[in-house]
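Notes follow the structure.
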Amino acid sequence: MHHAPRRLSGRPLLTEALLLAACLLATPALAQTSGEGLSPTLANIKNTHTVRLGYRESSPPFSFLDHSNRPIGYSLELCEAVVEEIGVEVDDANLKIEYVKVTSDDRIPAVTGNKIDLECGSTTANAERAKLVAFSPLMFVAGTKLMVPKASGVSAVTDLKGKTVVVTKGTTNEQAMHNVDKKSALGLNIVTSPDHEQSYQMLVDGKADAFATDDILLYGLIARHKTQDKYKVTGEYLSYDPYGIMFRKGEPQLAAVVERAFRKLGSNHDLLPLYNKWFIARLPTGEKMGVSISPQLEEAFNVLDDTATK
């Protein structure tokens, strides 16, 4: 029997659409949970007692390495809450976590090719990617902006006519820059690098005039390198990027578990403190982001609170 998603009165359409998508993903799971019929990912986790989490090396504060090269971050903590919920589902409270490094270029194949179970990074949920993978409820909202040297005088993408822009391979930002280049006939030289740290280094080394990626990742890199005096994040948003945790498509039972983990965090009012820990407070690596929560994200968190009157 399928339960229809509840109608949420007075919620903005965007949030409702994202939530509805999550609900629709999760609905068929109800018929599956009795007996031994675990979906493939959950069955494999039960057999191996291990959940494989994909992490990024340089996407602070979502997913990055601390000073002893241990993967940490906001996305990884959300994934750990999902692992707990998986433990409930497969009846194993002592699941082990195996951390597997992914890049923006290989993260989707890592999910579809069964190298990882959850991708805990800074991944934009969009329709194109949803053909290949499934996404958790919304966990962050970002957008493409530019990092440039403060001394450069660049304040908009149109100031970069004929110049070199570095993007990280396999990101939505790469596509966004090609789109804006065509639309405004800027004649940009768009170059790629394997990960955000290398893209940042290309800017520092003068091999690129700007680095285009999600604004929050740019702030994270500037904070990490303590280069607020040298670099700035500038320009209009060149794309809209809602983030989610990726997992394998076509497993409604797994989708239901992910959804349940997020709803528990939402209903226990754990999401805002978790946000503040990684975006407002000082990070374990010493730097501070100081980025207040956006109204869109706050709204998305409210929607996940089953105790609120709706």
Side-chain angles (χ1 to χ4, degrees), residues 2 5 18-56 59 62-63 71 73-92 95-140 170-172 241-265 304:
H2 291 206
L18 288 163
L19 179 74
L20 208 61
C23 286
L24 291 171
L25 272 174
T27 43
L30 303 164
Q32 256 185 320
T33 43
S34 57
E36 285 304 280
L38 290 173
S39 74
T41 298
L42 293 171
N44 186 51
I45 288 169
K46 191 175 175 72
N47 293 339
T48 59
H49 311 288
T50 303
V51 184
R52 297 160 305 165
L53 302 185
Y55 73 92
R56 298 288 297 279
S59 294
F62 298 92
S63 188
Y74 172 70
S75 305
L76 285 160
E77 274 208 61
L78 285 169
C79 277
E80 282 156 21
V82 175
V83 171
E84 238 173 86
E85 200 55 43
I86 290 172
V88 173
E89 188 78 0
V90 304
D91 198 22
D92 184 345
L95 291 174
K96 291 192 290 292
I97 290 177
E98 183 189 329
Y99 294 96
V100 180
K101 185 189 121 171
V102 295
T103 66
S104 39
D105 208 28
D106 69 16
R107 59 192 162 177
I108 292 174
V111 175
T112 57
N114 197 17
K115 302 233 175 14
I116 58 173
D117 302 310
L118 300 168
E119 191 264 347
C120 320
S122 49
T123 298
T124 301
N126 60 24
E128 195 185 336
R129 287 171 173 175
K131 291 175 189 161
L132 302 170
V133 293
F135 284 97
S136 71
L138 184 73
M139 64 170 187
F140 194 80
T171 59
T172 52
D241 295 272
Y243 286 4
I245 288 164
M246 281 195 290
F247 53 97
R248 260 174 297 290
K249 200 175 159 63
E251 294 195 36
Q253 190 182 6
L254 178 59
V257 172
V258 174
E259 166 92 359
R260 207 158 62 228
F262 270 75
R263 286 193 173 279
K264 275 190 185 171
L265 290 170
L304 291 167

Heavy-atom check, side chain of Leu265 versus side chain of Leu78, under 4.5 Å: yes
Test log, rule side-chain contact (heavy atoms from CB on, under 4.5 Å), inputs Val133 and Ile108: CA-CA 7 Å; Val133 293; Ile108 292 174; 4.0 Å; yes
Show the nearest heavy-atom pair for residues Phe262 and Leu138, with the distance to one decimal. CE2-O, 4.3 Å
Atom pair CG/CD1 of Leu53 and Ile97 - distance to nearest 0.5 Å: 5.0 Å
Please check if the side chain of Tyr55 supplies one atom and the backbone of Gly73 the other of a donor-acceptor pair under 3.5 Å. no
Residues at least two apart in sequence or cross-chain that pass side chain to side chain donor-acceptor pair (under 3.5 Å) with Glu80, listed by chain then number, are Tyr99
Could you please spell out the steps behind the side-chain contact (heavy atoms from CB on, under 4.5 Å) verdict for Lys46 and Asp91? CA-CA 8 Å; Lys46 191 175 175 72; Asp91 198 22; 4.2 Å; yes
Are more than 12 heavy atoms, taken from residues, nucleotides or ligands other than Asn47, located less than 6.0 Å from that residue's CG atom? yes
Listed partners of Tyr243 passing side chain to side chain donor-acceptor pair (under 3.5 Å), at least two apart: Asp214
I want to check something: taking the side chain as every heavy atom from C-beta on, are Val258 and Phe247 in contact at a cut-off of under 4.5 Å? yes
Closest approach of Cys120 to Leu76 (non-hydrogen atoms, all atoms of both residues): CB-CD2, 3.8 Å
Ile245 and Ser75: which non-hydrogen atoms are nearest, and at how many Å? CD1-O, 4.3 Å
List in chain and number order the residues that pass side-chain contact (heavy atoms from CB on, under 4.5 Å) with Ser104, two or more places apart in sequence or in another chain; answer none if no residue qualifies. Arg56, Arg107, Thr168, Thr171
On a heavy-atom basis, which atom in Leu95 and which in Ile86 lie closest, and how many Å separate them? CD1-CG2, 3.8 Å
Calculate, to the nearest 0.5 Å, the distance between atoms CZ and OG1 belonging to Phe140 and Thr123 respectively. 13.5 Å
Only counting residues at least two apart or in another chain, list the ones meeting side chain to side chain donor-acceptor pair (under 3.5 Å) with Ser63. none
Does any pair with a residue in residues 108-129 pass salt bridge (charged side-chain N to carboxylate O under 4.0 Å, His left out), and if so which ones, sequence neighbours excluded? Arg52-Asp117, Asp117-Arg248
Looking at Thr48, is its backbone amide N or carbonyl O close enough to the side chain of Thr50 to form a donor-acceptor pair, meaning the two atoms are under 3.5 Å apart? yes
Applying side chain to side chain donor-acceptor pair (under 3.5 Å), can you list everything that pairs with Asp92, at least two apart in sequence or on another chain? His49
Cationic N near anionic O, under 4.0 Å, Glu84 to Lys264: no
At their closest point, which heavy atom of Ala43 faces which heavy atom of Leu38, and how far apart are they? N-CB, 3.9 Å
Taken to the nearest 0.5 Å, the spacing of Leu42 CG from Gln253 CD works out to 5.0 Å
Side chain to side chain, Val82 and Ser136, heavy atoms closer than 4.5 Å: no
Closest non-hydrogen contact found for Gly121 with Phe62 is O-CB, 3.4 Å
Rounded to the nearest 0.5 angstrom, the CG-OG distance for Leu254 and Ser39 is 5.5 Å
